[in-house]
2 protein chains.
Amino acid sequence: MANHGTGRLPKYRQIAAELRDAIQAGVYGPGDRLPGENELMAEHGVARMTARQALGVLQSEGVVEARKGAGVFVRSFRPVRRRGVQRLAEDVWGAGRSVWSADVESRDLVVDGVRVTEEAAPGPVAGVLGLEETETVCVRRRRFVLDGKTVMLSSSYLPAALVAGTAITTPDSGPGGTYARLAELGCKPVHFREEIRCRMPSAEEAERLQLSPGTPVIDICRTAFAESGRAVEVNEMTLDSASYALEYDFGA
Amino acid sequence: MANHGTGRLPKYRQIAAELRDAIQAGVYGPGDRLPGENELMAEHGVARMTARQALGVLQSEGVVEARKGAGVFVRSFRPVRRRGVQRLAEDVWGAGRSVWSADVESRDLVVDGVRVTEEAAPGPVAGVLGLEETETVCVRRRRFVLDGKTVMLSSSYLPAALVAGTAITTPDSGPGGTYARLAELGCKPVHFREEIRCRMPSAEEAERLQLSPGTPVIDICRTAFAESGRAVEVNEMTLDSASYALEYDFGA
DNA sequence: GAGTGGTCTAGACCACACC
DNA sequence: GTGTGGTCTAGACCACTCC
């Protein structure tokens, strides 16, 4: 019968809208448990799949989160502020501090799973770095964990020929990080470009970033340029959008 | 029976993975039609709801798009590049050109539905603009349409007392737009801050932006500062993430 | 008219969380 | 153990698209 009676909206959308409004109105706050499938079935006189669909709508909107065996709960958001410009200022990495430390002041951040490899450059990266087909790149893959949750995956690509024999090719790139090492090589990054996209994650990414359904990811692709105009690094990052707010400051 | 036999993944995820891989491998290109529910039922020997769930996974990943009565199709992406820094350079709006025109070179862009109102300032906006409870703001709401598709909704807030009697309070803000008018008022914007978030849209937003399921939105909140350090405008934008790639350039 | 996806029902078994 | 959400079946009627 699909759509008779009350209104033009399908039942499951009506139920979803009702719950969404209740959350908006503060009836259910962050962390609160919503009426479950059985309760919705009884209250609205619908079949289980219909109640389930309603909750599915809110889930794919990122409003609620289902926990198996426990219930459906209102999600809360505490994004970290990531300053795109100040965090890459030379006085940050020039002073021997980690670039990342400029982001998070007092929360428990861990960088783990650093893996450094030498590989053939992916097509687009090779193009930006100006590499020939035969040239390889040094890839530094990292995982960033904040308060126990994975919030970002990062892959940094540098011309292998340029960074050979430096600390860049080791997991610990030393004080000031990769950019300080590049400066010592006479390739000090002086200009950056960040390109931002937003999309839904693949199933694999959702697992790696521990994302609950309805959470998009942010792709940031940063290119670092030396004084000569040469691109010396390409860094591809994938961020949990529920964990981040990006900020860029600039003049007119 | 839920989960026996082949593997540990639920059937609908297996089917989804299979289709996803086929798309990745190019078996189905952008715009191509995927096997429908009936076909999946027959090929995999599953019930309709299971085949449906599989397609639902790909839909919520933004990979495919269902068209009622027609089929399920692979989506294609042609994002517009939005340069965050250059587009707000003074020589753009100072020369009497529209800020927006810096974004899109040769595609059919329309700004429509401009509505200008005077309202009480929303709490966060009032705080940034440094307004008292009793002070109102001039709100300029706009809709941006590219190649026939709505790609952005924008609400610009300015102190009503500051802009009273200027073209800012009319739908057509004149050559160079709002910023040129602010300059004439002695409040030339010299510094900008853009804050970016990403999330799934509400049902209402999805409709207004004509988003297919699985498409996140990008929120950009831009604050314009005058020489004095005073915030003179707050612009809240909501973008279709499938239509945009953001770009920011800056020095070390 | 035939085929498609959209909505909905009424059952079922399972794994997991909490008590 | 009881209740929760996760998966799955086997039907049904509808609105829509395309021929």
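In what follows, chains carry the letters A, B, and so on, assigned in the order in which the sequence lines appear, proteins first and then strands, with residues in each chain numbered from 1.
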Residues in side chain to side chain donor-acceptor pair (under 3.5 Å) contact with A/Arg141, at least two apart in sequence or another chain: A/Glu119
base_contact_polar (C/dG6 base, A/Arg13 side chain, donor-acceptor, <3.5 Å): no
Mind calculating the distance between CE (B/Met41) and C1' (D/dT9) to the nearest angstrom? 10 Å
Who passes salt bridge (charged side-chain N to carboxylate O under 4.0 Å, His left out) against B/Arg48, sequence neighbours left out? B/Glu37
Whole angstrom value for the distance that separates C1' of C/dT4 from CG of B/Leu40: 13 Å
Under the rule for salt bridge (charged side-chain N to carboxylate O under 4.0 Å, His left out), what residues qualify as partners of B/Glu236, not counting sequence neighbours? none
Side-chain N or O of B/Tyr12 less than 4.0 angstrom from OP1 or OP2 on D/dC8? no
Carboxylate-amine/guanidinium contact B/Arg78 B/Asp147, below 4.0 Å: yes
Within residues 66-76 of chain B or reaching into it, pairs that qualify as salt bridge (Lys or Arg N to Asp or Glu O under 4.0 Å) - sequence neighbours excluded: B/Glu65-B/Arg67
Decide side chain to side chain donor-acceptor pair (under 3.5 Å) for A/Glu195 and B/Tyr248; before the verdict, give the C-alpha distance in whole Å, the side-chain angles of both, and the deciding distance to 0.1 Å. CA-CA 7 Å; A/Glu195 201 173 335; B/Tyr248 294 91; over 6 Å; no
Could you work out which one of C/dG6, C/dC8, D/dT7 sits closest to the side chain of A/Lys11? C/dC8
Name all residues meeting the salt bridge (charged side-chain N to carboxylate O under 4.0 Å, His left out) criterion together with B/Glu205; count only those two or more places apart in sequence or in a different chain, and write none if there are none. B/Arg199
Specify the separation, in whole Å, of atom CD of B/Glu37 and atom C1' of D/dG11. 15 Å
Stretch residues 49-58 of chain B: residues that reach within less than 4.0 Å of DNA chain C through a heavy atom: B/Met49, B/Arg52
Could you list by number each residue of residues 60-73 of chain B showing a heavy-atom separation from DNA chain C of less than 4.0 Å, or answer none if no residue does? B/Ala66, B/Arg67, B/Lys68, B/Gly69, B/Ala70, B/Gly71, B/Val72
Partners passing side chain to side chain donor-acceptor pair (under 3.5 Å) against A/Glu43 (at least two apart in sequence or in another chain): none
Respond yes when some side-chain nitrogen or oxygen of B/Asn38 is under 4.0 Å from OP1 or OP2 of C/dT4, and no when none is. yes
Nearest to the side chain of B/Arg33, which nucleotide is it out of C/dT4, C/dA12, C/dT7? C/dT4
Starting from C1' on D/dT7, measure out to CD1 on B/Ile15 and report it in whole angstrom. 12 Å
By side chain to side chain donor-acceptor pair (under 3.5 Å) - contacts of A/Asn235 (at least two apart): A/Ser154
Using heavy-atom distances to pick each residue's nearest nucleotide on DNA chain C, tell me which of A/Val46 and B/Leu34 is more 5'. B/Leu34
Spacing of B/Arg48 atom CZ relative to C/dT4 atom C1', expressed in whole Å: 8 Å
Quick one: list whatever passes disulfide bond (SG atoms under 2.5 Å apart) with B/Cys198, sequence neighbours left out. A/Cys198
Name every residue in residues 201-214 of chain A that has at least one heavy atom under 4.0 Å from any atom of DNA chain C, in order of residue number, or write none if there are no such residues. none
Side chain to side chain donor-acceptor pair (under 3.5 Å) filter on A/Tyr157, not counting sequence neighbours, yields none
